[in-house]
Amino acid sequence: MKIVIDAKIPYIREAISKITDNAVYINGIDIRPDDVCDADALIVRTRTHCDEALLGGSRVRFLATATIGYDHIDTDYMQRAGIEWMSCPGCNSSSVAQYIKSVLILLKREKNFKLEGKTMGIVGCGNVGTKVAHVAADFGMRVLVCDPPRKDRGDEGNFVEMSDIEKESDIITFHVPLTRQGKYATFHLADTGFFSRLERRPIIINTSRGSVVDNIALLDAINYNNVHDVVIDTWENEPKINPDLLQRVWLGTPHIAGYSADGKVNADNMVLKGLCHHFGIKNCPHIEPPTLPNSFVPSDDEEIRHLQLYNPIEDSAHLKASPEKFEQLRNEYPVRREK
């Protein structure tokens, strides 16, 4: 069995070697039709656009993306071609929640922004948004949740309208997939109209997908003082992001909010399980996260301990200093643990 795999997916090689001796590793952005024409399976991340142009006429019958999002996959074509595909929902939800918690701690400690009693508006409350809601509540914040798909399904929860988020939130954080059509389209959900309707100059955080927030409209909102501060991890046109916006945001990171070793290993194990199930492989290999050297300075302060595990200020400084290295900073991201 031949498997083509994005070379930047970490920790997976030893496990794959237990399944096949015919694994080909290629940078995701460089995977071409000739690479997959005789492959049985393809394992990617977000940089590989998977559609008929890539897979038409190939032998591929199983496609996995080691990511939560799957807007880089033409799911209609997969269905027509009879290719089973999977993503990894929830794999890095704790990692993104860790990122948001770090941001909140820094707001409190570096910006003297009092969290208790403030209102956080969460747009999208699936695996990630649910955990972020718990983080906010632990800081004594009031939480508003806008999730029209869940509300329309009749899911439990006190869901609010987007207009409530715009009126009442001191912090607004986005945790939605990128969809361009239909009733729940999220492309440019935060557009010029959204920013003009904000009533409390909130802090804007986007760790979902870059095009959920119109980056030009966001830059205008900063220039017109419609927002208090901005934290952006996901950008439009990655890796060629807007340099002016990067320099104007408080924290700007290279799409690594979900990049903890724990989250990556979770995705690997979900992919391995799906792969083994599809091909009827028994004794599916399992991966454990790497250990970190014990170099932390002991502290009784839980917030300091959390920032020792992850502090986004360094990632932001690196990106602002060298925005042209966006992809390199992402691909060569150091080991980060959640605990």
Would you say that more than 12 heavy atoms from the other residues, nucleotides or ligands in this model lie under 6.0 Å from the [atom1] of [X], or not?
| X | atom1 | answer |
| --- | --- | --- |
| His277 | NE2 | no |
| Asp21 | CG | no |
| Glu324 | CD | yes |
| Lys2 | NZ | yes |
| Glu14 | CD | no |
| Asn283 | CG | no |

Is any NZ, NE, NH1 or NH2 atom of the basic residue among [X] and [Y] found under 4.0 Å from an Asp or Glu carboxylate oxygen of the other?
| X | Y | answer |
| --- | --- | --- |
| Arg32 | Asp34 | no |
| Glu168 | Arg142 | yes |
| Asp268 | Lys273 | no |
| Glu166 | Arg197 | yes |
| Asp40 | Arg59 | yes |
| Asp262 | Lys339 | no |

Considering non-hydrogen atoms only, spot the tightest contact between [X] and [Y] and give its length.
| X | Y | result |
| --- | --- | --- |
| Gly121 | Ile165 | CA-CD1, 3.6 Å |
| Ile5 | Ala23 | CD1-CB, 4.3 Å |
| Gly274 | Met86 | CA-SD, 3.8 Å |

Between the side chain of [X] and the main-chain N/O of [Y], is any donor-acceptor distance below 3.5 Å?
| X | Y | answer |
| --- | --- | --- |
| Ser260 | Glu338 | no |
| Asp214 | Ala190 | no |
| Asn215 | Val213 | yes |
| His255 | Gly210 | no |
| Arg305 | Ser299 | yes |

> Between Phe279 and Phe62, what is the ring plane arrangement, given parallel below 30°, perpendicular above 60°, and tilted in between?
Replying inline: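 Ring orientation, 0 to 90° scale: perpendicular.
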
> Where does the angle between the aromatic ring planes of Tyr70 and Trp85 fall among parallel (under 30°), tilted (30 to 60°) and perpendicular (over 60°)?
Replying inline: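 Rings of Tyr70 and Trp85: tilted, as their planes differ by 30° to 60°.
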
Side chains of [X] and [Y]: do they bring a donor and an acceptor to under 3.5 Å?
| X | Y | result |
| --- | --- | --- |
| Arg248 | Asn223 | yes |
| Tyr25 | Asp6 | no |
| Ser211 | Glu236 | yes |
| Arg201 | Asn225 | yes |

> Yes or no on side-chain contact (heavy atoms from CB on, under 4.5 Å) for Val96 and His175, after CA distance, side-chain angles and deciding distance?
Replying inline: CA-CA 10 Å; Val96 178; His175 302 287; 4.1 Å; yes

> Between atom CG of Leu275 and atom CG of Leu42, what is the distance when rounded to the nearest 0.5 Å?
Replying inline: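 CG of Leu42 is found 11.0 Å from CG of Leu275.
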
> How long is the gap from OG1 on Thr186 to CZ on Arg180, to the nearest 0.5 Å?
Replying inline: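 Nearest 0.5 Å value for the OG1-CZ distance: 8.5 Å.
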
>> With heavy-atom distances below 4.5 Å as the criterion, would you say the side chains of Arg336 and Tyr99 are in contact?
In response: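 Yes - at least one pair of side-chain heavy atoms lies under 4.5 Å apart.
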
>> Less than 4.5 Å apart, side chain to side chain, heavy atoms only: is that true for His306 and Glu303?
In response: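 A side-chain contact under 4.5 Å is absent here.
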
> Within 45° of the ring axis of Phe113 and under 6.0 Å from its six-membered ring centre, is that where the NZ or CZ of Lys118 lies?
Replying inline: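 Lys118 over Phe113 ring: yes.
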
> Can the positive tip of Lys240 be found less than 6.0 Å from the middle of the six-membered ring of Phe326, inside 45° of the ring normal?
Replying inline: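 No.
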
> Does Tyr259 share a hydrophobic cluster with Ile241, counting links as ILVMFWY side-chain heavy atoms below 4.5 Å and allowing steps through other members?
Replying inline: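 They do not share one cluster, since no chain of ILVMFWY contacts under 4.5 Å joins Tyr259 to Ile241.
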
